[in-house]
Amino acid sequence: MRHRKRTWIPGLLLISPSLILLAVFVYGLIGWTVDLSMQDRHNARPSKGFVGLDNYDKLFNHDINDRFTHSLLNLLVFTVVFIVGTIVLGLLWSLLLERGARAEGFFRTVYLFPMAVSFVASGVVWRWLMNPGQGENAGGINAIFEGLGLHFLEGPWWTDPDWGMAAMAMPAVWQLSGYVMALFLAGFRGIPDELREAAVVDGATTFQLYRRVLFPQLTPTILSALIITGHMSMKMFDLIMSVSGAQWLTEVPAVYVWQTLLTRDYAKAAAISVFLLLVVAVVVVPYLIHVNRSEKRS
Amino acid sequence: MRLSRRMAVAAVAFGTLMATVACTSTDEPGTGTGTKEVEVFTWWADGGEKAGLTGLETVFGTECKDFKFVNGAVAGGAGSNAKQVLASRLQQGTPPDTFQAHAGAELSDYINDDQIEDLSAQYGEWGLSNAFPKGLIDNLTVDGKIYSVPANIHRANVLWGNKTVLAKAGITKDATTLEGFFADLDKLKAAGVATPLALGKDWTQQMLFEALLISKLGPEKFNALWNGTGDWAGADMTAAITDYKKLLTYTNSDRDTFDWTDAEKMLMDGKAAYQLMGDWEAADLDAKGFKDYSYSVFPGNGNVFQWLADSFVLPKGAKNADGTKCWLKTVGSAAGQAEFNKKKGSIPARTDVPADGFPAYQQAAMNDWKTAVQVPSCPHGSACAQTWQGAVGSAQGKFSTDGDVAALQAALASAAAEFGPKAK
């Protein structure tokens with residue numbers, strides 16, 4: 001008995017600093033933010049009292065110009081384009097490489113490399129590439145189209161009121177597709193060769209081999225890719241700030257939090273943050289539970 | 001034996017980590033500030049602003065020999081970094097001895113939070129009440145009290161022009177009425193200037209809208225909008241927004257991607273004929289070597305001077321209140337204002353500073369300042385607090401993309417109701 005006690009004490013002691021720091025700076029502060037989001041505190045003075053879910057009600061029903069709902073819609077467009085874009089491109093690239101392309105290592109690096117660039121740096125470049133000027137004022141991609149005589153392809157990019165956020169997702173797709181490709185490539189490599197050989201012996205065509213044998217094995221990989229790109233997308237801030245700056249047209253919840261904090265509306269900023277955390281949690285927590293279960297099973 | 005050694009290692013590691021955490025948290029900000037030192041907190045870390053601050057420091061050195069100037073400038077983000085640092089210092093109860101803030105309604109955040117002292121008595125003592133124009137004193141006064149000393153004045157409602165482009169379209173004199181201005185814009189379009197009026201994003205759009213409001217409503221009704229007695233929902237406001245929508249059709253459609261310097265470049269390149277911008281544009285155009293510009297007050301504004309100002313305050317709990325008062329006295333003095341503004345490219349808030357030694361534009365503005373009717377500006381903090389400004393900016397951004405007149409008016413009215421002086 002004494003012996004067992006002794007074995008766990010050093011371990012607990014060693015991890016306790018990180019446990020304490022996590023408890024205070026992550027979970028403690030989440031609790032503090034949730035509390036703040038239910039206070040009547042819209043300036044730097046102390047709270048005027050507990051107001052329950054009023055701040056959330058205001059966000060959804062009484063925000064001027066429905067600003068919050070507008071930012072959620074922007075985020076939805078961005079997220080859909082971002083996730084679909086990275087998964088389609090990543091899958092395509094990994095398929096090409098998986099088929100045994102020459103110089104695979106080289107191409108893998110080329111596709112993966114954009115991920116090393118920060119969103120701020122690529123945002124500054126894409127801001128110029130996606131210059132919305134057209135005709136004689138064209139810049140960036142529009143200027144290339146103009147030079148090629150393809151006027152009809154020139155677009156307003158992110159300044160389009162309805163689909164601008166789809167253009168905003170382009171830099172993110174460009175950056176993260178390589179990463180998703182690497183995930184898929186690892187997934188393909190994890191499938192035992194025996195399975196492929198058995199399928200070929202049974203007379204499966206290449207299409208059937210992928211459709212019936214390989215893709216079903218990739219389900220966990222697709223799930224990971226969805227979760228990783230999904231939660232990145234919901235917290236998107238730096239890319240948007242460097243392409244467009246904070247403005248109505250491209251506002252997403254994370255940018256809205258920033259704007260609200262700058263004007264000292266603490267409770268409102270906290271309410272948006274908590275809502276954002278909940279949305280991300282809805283995506284991430286089931287995944288964590290799933291991973292945990294499958295690890296226990298094996 | 002092996003186990004107890006592991007235990008010892010773990011205990012030492014744990015102890016060290018916790019000690020590190022404890023040490024870093026006891027590091028107090030602003031240690032070593034003696035009572036003779038005056039920490040001046042600004043975001044003036046570069047260019048003309050830094051030169052102006054150094055000028056003030058020199059005057060402070062001769063006027064206030066007992067005290068020592070400590071530069072607490074925080075660079076970056078056009079002041080947003082500094083504002084973040086300041087907010088946390090005020091919350092912790094360790095304010096600098098004085099800090100920079102836009103004069104006017106933007107101070108109401110600090111006033112409501114009970115973070116700065118009333119300076120009305122000092123205004124009398126130092127003779128500032130008579131040295132500043134009455135219109136400015138009226139705009140600065142909150143419930144009978146004044147809380148800051150402005151160091152400079154900028155004018156927001158100035159229309160800048162490219163002389164060559166204007167001459168080509170046969171315009172030799174800037175319009176003085178809104179109707180005349182629209183006629184000139186049409187002339188420019190007919191002469192082949194696709195976007196006669198260059199415009200940038202959010203706050204530059206707010207500035208253009210306010211200049212137009214001054215023309216449509218006149219200074220009294222415009223002032224009333226901000227002090228809570230005006231009507232944002234009236235028919236005259238609808239007419240003004242409709243005119244503003246028309247005005248936007250003469251501007252560049254990619255305005256939401258432009259900063260004010262991008263719009264300025266359109267003017268310099270001759271792609272646009274006009275731009276509305278504050279008078280810091282004069283110094284900027286000079287610095288860029290562009291001489292071919294004209295300037296006039298926005299058409300229909302008459303003798304209205306839409307002002308904005310940087311000012312200094314006395315925070316509650318400042319370590320060296322006497323030193324701060326001496327600094328504020330220097331900021332408000334004729335010598336201090338002359339020294340600061342010649343270097344920064346703005347004009348003195350006082351009307352009794354000799355104009356010689358100032359550049360041509362500033363001399364003209366100083367002359368106007370004496371006789372003008374003063375009105376404040378929301379995007380620059382003299383008319384509204386930051387929350388209000390944020391809501392107006394968002395509404396203007398939406399209008400720039402959808403042109404929905406009724407939605408803009410409704411948003412402006414609810415912003416005034418929610419964040420305006422009546423809401424308090």
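Letters A, B, ... mirror the listed sequences (proteins, then strands); counts begin at 1.
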Q | Among the listed options B:D114, B:D254, B:D113, the residue most often paired with chain A at heavy-atom distances under 4.5 Å | A | B:D113

Q: Could you tell me the separation between the OG1 atom of A:T159 and the NZ atom of B:K201, rounded to the nearest 0.5 Å?
A: 13.0 Å

Q: Would you mind reporting whether B:K398 and A:L249 have side-chain heavy atoms less than 4.5 Å apart?
A: no

Q: Mind checking the OG1-CG spacing from B:T401 to A:D160? Nearest 0.5 Å is all I need.
A: 9.5 Å

Q) Taking all atoms of both residues into account, what is the closest heavy-atom pair of B:S414 and A:I64, and its distance? A) C-CD1, 3.9 Å

Q.
Taking NZ in B:K189 as the centre, count heavy atoms belonging to other residues, nucleotides or ligands within less than 6.0 Å. Is the count above 12?
A. yes

(Q) Nearest 0.5 Å, please: how far is OG1 in A:T263 from CZ in B:F419? (A) 7.5 Å

Q) Got a second to check how far A:H42's NE2 is from B:N112's CG, nearest 0.5 Å? A) 14.0 Å

Q. B:S394, B:G393, B:G397: which one forms the most heavy-atom pairs within less than 4.5 Å of chain A?
A. B:S394

Q: May I ask you to say whether A:K58 pairs ionically with B:E418, meaning some side-chain N is under 4.0 Å from a carboxylate O?
A: yes

Q) Is it the backbone or the side chain of B:Q389 that comes under 4.5 Å from a heavy atom of chain A, or both, or neither? A) neither

Q.
Under a 3.5 Å distance rule, please check whether A:Q247 uses its side chain to pair with a backbone N or O of B:D256 as donor and acceptor.
A. yes

(Q) Using 0.5 Å steps for rounding, measure from the CG atom of B:D402 to the CH2 atom of A:W248. (A) 8.0 Å

Q. Which atoms of B:Q396 come close to chain A, meaning under 4.5 Å heavy atom to heavy atom: side chain ones, backbone ones, both, or neither?
A. neither

Q: Can you establish whether the number of heavy atoms outside B:D143 located under 6.0 Å from its atom CG is more than 12?
A: no

Q: Quick one: pull up OG1 in B:T257 and CZ in A:R127 and give me the separation to the nearest 0.5 Å.
A: 7.0 Å

Q: For B:K316, look at atom NZ and say whether over 12 heavy atoms of other residues, nucleotides or ligands are found less than 6.0 Å away.
A: yes

Q. Is it the backbone or the side chain of A:L262 that comes under 4.5 Å from a heavy atom of chain B, or both, or neither?
A. both

